[in-house]
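Note sheet for the following structure.
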Amino acid sequence: MITMVDSSHVERALAILGICAGDTMGSTNGLVSPPGKRPLLSFGVISDVQYADIPDGHSFLGVPRYYRHSIHVLQRAVQKWNSHQNLNFVINFGDIVDGKCPPGQSLDAVKKVNNEFQKINGPVYHLIGNHCLYNLPRDKLLPLLRIPGLNGLAYYDFSPTPEYRIVVLDGYDISAIGWPQGHSKTLQALEFLEKKNPNSDKNSPAGLLGLERRFVMFNGAVGREQLEWLDGTLQDATKLKQKVIVCCHLPLDVVASSQEALLWNYDEVMNVIHQYNCVKACLSGHDHKGGYSVDSHGVHHRSFEAALECPPNTDAYGHIDVYDDRLLLFGTDRIQSTEMCFNP
């Protein structure tokens, strides 16, 4: 006996698995928007510009870095976003200037990159990264980037449309960088690192195994108060029947990221997120090579490729079209286009 199945039920079943009808994977090149559907909203994305007025160099892993070229990647991104006409806003996922920025030039470098962001025809939402904090302390950085937050903290949320909420986490809430030297959060981070990382250079993961390799000074943690705020925010979103996109400079999933780039307490954050069904995607930067995964609860994780590592005349930016049942990331050059489907 052959039973006819309504195609809408098939699509819904696939969406639960994070797969779109007609696809065999969640990630594709050459994405096509769903026929007859308009996105609920669209926003631009870029991460790890890490501009500095210094010659090209390499990461500690030997990956080439193009410090002066990265601002040109941003400039081309701004032109593309402004020509889009229908973008609601742009999110910068952190690290707008590099830690190798020459002494005394940090403020000017941050202002130079921020001026490019100000040319965008619409709101810009910034996340802070470790390289931002190498250059400027929080009390100078947050006002300059117009990051909302109380007492130097950089987590916040906003609802660009009734159906969705964007939640921005501060991954350096507990951190040895960015806070004053004697601050309680600095001391808490240093004590944590002393227990977790035996190396004299706390930026080195040498000798650390597996997931322990994330316990380095260039990462950080979400503090207890922020975790409680996240829980309350997701409760509120659930009551309002909103879907949530979580943004953090530091990745929250080991499959979408190298172990060395993870948030110290990514597991605690994901335990909160997994208590709810409203979070559909977690977006991040920091890892530079980019990555994508769908976790055991069906939450999509996408870490973005770094603008810093674009050779001349190549790019790494994109925009995301948001629908009730999927996010479509349209990437440019190094950013892989990605289709993220879920149960509406």
Task: Heavy-atom check, side chain of L234 versus side chain of D236, under 4.5 Å - done: no
Task: Minimum heavy-atom distance between G152 and R138, given as atom pair plus value - done: O-NH1, 2.8 Å
- [ ] Would you tell me whether D56 and H69 have side-chain atoms, one donor and one acceptor, within less than 3.5 Å of each other?
- [x] no
- [ ] Check the pair R65 / H288 against side chain to side chain contact (heavy atoms under 4.5 Å, CB included), numbers first and verdict last.
- [x] CA-CA 10 Å; R65 291 183 165 182; H288 288 207; 3.3 Å; yes
Open item on the list: Side chains of S293 and D253: any donor to acceptor distance under 3.5 Å?
Closed with: yes
Open item on the list: Salt bridge or not between E309 and K289? Use side-chain N to carboxylate O under 4.0 Å.
Closed with: no
- [ ] Please indicate whether R146 has more than 12 foreign heavy atoms, meaning atoms of other residues, nucleotides or ligands, lying under 6.0 Å from its CZ.
- [x] no
- [ ] Say whether T161 and E163, considering side chains only, have a donor N or O and an acceptor N or O under 3.5 Å apart.
- [x] yes
TODO: Would you indicate whether D295, at its atom CG, is surrounded by more than 12 heavy atoms from other residues, nucleotides or ligands within a distance under 6.0 Å?
DONE: yes
Open item on the list: Is the distance between the ring centroids of F304 and Y317 under 6.0 Å?
Closed with: no
Task: Residues R76 and E116 bridged, charged N to O under 4.0 Å - done: no
Open item on the list: Are M217 and N197 packed together at the side-chain level, in the sense that at least one heavy-atom pair is separated by less than 4.5 angstrom?
Closed with: no
Open item on the list: Test of understanding: clusters of I, L, V, M, F, W, Y form through side-chain heavy atoms closer than 4.5 Å, transitively. Do L153 and I174 belong to the same one?
Closed with: no
TODO: Could you pull out the closest heavy-atom pair between Q181 and L187, with the gap in Å?
DONE: O-CD2, 4.2 Å
- [ ] Report yes if the distance between the aromatic ring centroids of F215 and F192 is under 6.0 Å, otherwise no.
- [x] yes
Open item on the list: Side chains of I166 and F89, heavy atoms from C-beta outward: is any pair under 4.5 Å?
Closed with: yes
TODO: Before accepting this row, confirm whether a basic side-chain N of the pair D173/K185 lies closer than 4.0 Å to the acidic partner's carboxylate O.
DONE: yes
Task: Aromatic contact, Y125 with F158 (centres under 6.0 Å) - done: yes
Open item on the list: Is there a continuous path of hydrophobic side-chain contacts, each under 4.5 Å between heavy atoms, that joins L144 to L74?
Closed with: yes
Open item on the list: Does the Lys NZ or Arg CZ of R214 fall within the cation-pi geometry relative to W264 - under 6.0 Å from the ring centre and within 45° of the axis?
Closed with: no
Open item on the list: For the aromatic rings, using the six-membered ring if either is Trp, is the centroid distance between H249 and F93 under 6.0 Å?
Closed with: no
Open item on the list: Taking the basic N atoms (NZ, or NE/NH1/NH2) and the acidic carboxylate oxygens, is any pair closer than 4.0 Å for K37 and D324?
Closed with: yes
TODO: Considering non-hydrogen atoms only, spot the tightest contact between C132 and I96 and give its length.
DONE: SG-N, 3.7 Å
TODO: State yes or no: are the ring centers of Y67 and Y51 separated by less than 6.0 Å?
DONE: no
Open item on the list: Test side chain to side chain contact (heavy atoms under 4.5 Å, CB included) on E305 and Q336; report intermediate values, then the result.
Closed with: CA-CA 8 Å; E305 294 80 351; Q336 180 87 2; 4.1 Å; yes
- [ ] Could you tell me whether D325 and K280 make a salt bridge, using a distance below 4.0 angstrom between a side-chain N and a carboxylate O?
- [x] no
Open item on the list: Does atom CD (E225) have a neighbourhood of more than 12 heavy atoms from anything else shown, all under 6.0 Å?
Closed with: no
Task: Nearest heavy-atom neighbours spanning F218 and H286 - done: O-CE1, 3.7 Å
TODO: Decide whether D321 and S42 meet the rule of one side-chain donor and one side-chain acceptor closer than 3.5 Å.
DONE: yes
Open item on the list: Hydrogens and angles aside, do D231 and Y276 bring a side-chain donor and acceptor to less than 3.5 Å of each other?
Closed with: yes
- [ ] Taking only Lys NZ, Arg NE, NH1 and NH2, and the carboxylate oxygens of Asp or Glu, determine whether K195 and E191 approach each other closer than 4.0 Å.
- [x] yes
